[in-house]
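Below you'll find the structure, written out as structure tokens, and then a few comments.
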Amino acid sequence: MLITMSRQFGAGSATVSRMVAQALGWTVVDNEFVDEVARKAGIPAEQVAKREERAPTFGERLKRALVADPEVPLIPSAPSESLDGAKQVKATEAVVGEIAAAGRVILVGRAAVAVLARDSKALHVRLVAPRPFRLKIIMERLGVDEKQALKALIDTDAHRARYHRDYYQRDWSDPVNYHMVLNTDALGFTGAADLIVARARGLGW
């Protein structure tokens with residue numbers, strides 16, 4: 001029993017995942033993922049983080065916000081940090097598998113919807129929202145202006161889509177890949193969380 005949560009950048013996954021976890025008594029698995037992937041790949045966590053924060057690059061605040069997102073291009077920032085991208089992807093998949101086996105978690109990002117596509121005990125959720133709504137969230141969260149927020153939105157979503165396409169031959173935005181596609185602007189964070197919780201409980205979780 002677990003929930004994967006894919007999301008457009010700025011759609012509110014951090015808030016919604018916390019609400020769902022609190023309601024179900026489950027755990028959100030997010031930023032601690034970097035340490036475990038680093039252990040699996042046999043490299044420093046800092047190196048994993050650097051490779052995962054490539055886009056966008058306009059400031060350290062944005063880098064910190066994106067540091068734990070592996071759905072970005074796996075391109076080293078220096079030759080000394082070179083790492084086979086496939087190795088890191090495999091390490092990420094191994095960690096996803098371990099978490100899935102433990103169950104009762106909300107797994108945010110990590111291309112988990114692709115890795116666990118055939119898991120019958122996974123509920124795959126995607127959060128979306130109109131661009132103006134997401135821009136407001138990004139500007140407030142990162143303390144940046146609209147131009148910087150727009151670059152972050154476009155680049156981050158493009159990187160996530162490319163990660164799914166390049167490594168899993170999947171269309172990240174295709175609603176058929178998900179059990180639920182929820183608009184957080186229309187539903188609100190609480191409304192989206194309530195629907196996810198209701199479905200989970202309907203499945204006997």
If only atom types and distance count, is the side chain of [X] paired as donor or acceptor with the main-chain N or O of [Y] below 3.5 Å?
| X | Y | result |
| --- | --- | --- |
| Asn177 | Asp171 | yes |
| Gln22 | Met19 | no |
| Arg134 | Phe9 | yes |
| Thr184 | Ala129 | no |
| Ser17 | Ala14 | yes |
| Arg160 | Ser6 | no |

So [Y] and [X], do their side chains get closer than 4.5 Å, heavy atoms only?
| X | Y | answer |
| --- | --- | --- |
| Val113 | Arg170 | yes |
| Phe133 | Asn183 | no |
| Val29 | Leu2 | no |
| Gln148 | Asp145 | yes |

Nearest atoms (heavy-atom pairs only) where [X] meets [Y]:
| X | Y | value |
| --- | --- | --- |
| Tyr168 | Ala111 | CE1-CB, 3.8 Å |
| Ala21 | Val28 | CB-CG2, 3.5 Å |
| Ala200 | Ile3 | CB-CD1, 4.5 Å |
| Val96 | Ala112 | CG1-CB, 4.3 Å |
| Ala149 | Leu135 | C-CD2, 3.7 Å |
| Ser13 | Met5 | O-SD, 3.8 Å |

Report the distance from atom [atom1] of [X] to atom [atom2] of [Y], rounding to the nearest 0.5 Å.
| X | Y | atom1 | atom2 | value |
| --- | --- | --- | --- | --- |
| Thr27 | Leu107 | OG1 | CG | 11.5 Å |
| Met180 | Leu127 | CE | CG | 9.5 Å |
| Arg162 | Asp155 | CZ | CG | 9.0 Å |
| Lys121 | Leu116 | NZ | CG | 13.5 Å |

Could you go through the side chain to side chain contact (heavy atoms under 4.5 Å, CB included) check for Gln8 and Ser173 one step at a time?
-> CA-CA 9 Å; Gln8 291 182 318; Ser173 64; over 6 Å; no

Taking it one step at a time, do Phe189 and Val16 satisfy side chain to side chain contact (heavy atoms under 4.5 Å, CB included)?
-> CA-CA 6 Å; Phe189 295 151; Val16 174; 3.9 Å; yes

Which residues share a side-chain hydrogen bond (donor to acceptor under 3.5 Å, both in side chains) with Lys136, sequence neighbours left out = Glu140

Before accepting this row, confirm whether a basic side-chain N of the pair Arg131/Asp157 lies closer than 4.0 Å to the acidic partner's carboxylate O.
-> no

Step by step, would you call Thr4 with Tyr178 a side chain to side chain contact (heavy atoms under 4.5 Å, CB included)?
-> CA-CA 9 Å; Thr4 70; Tyr178 307 91; 5.8 Å; no

Does NZ or CZ of Arg104 lie under 6.0 Å from the centre of the six-membered ring of Trp205, at an angle within 45° of the ring axis?
-> no

So ring-ring contact (aromatic ring centres under 6.0 Å, His included) across residues 91-128, not counting sequence neighbours, yields His124-His179

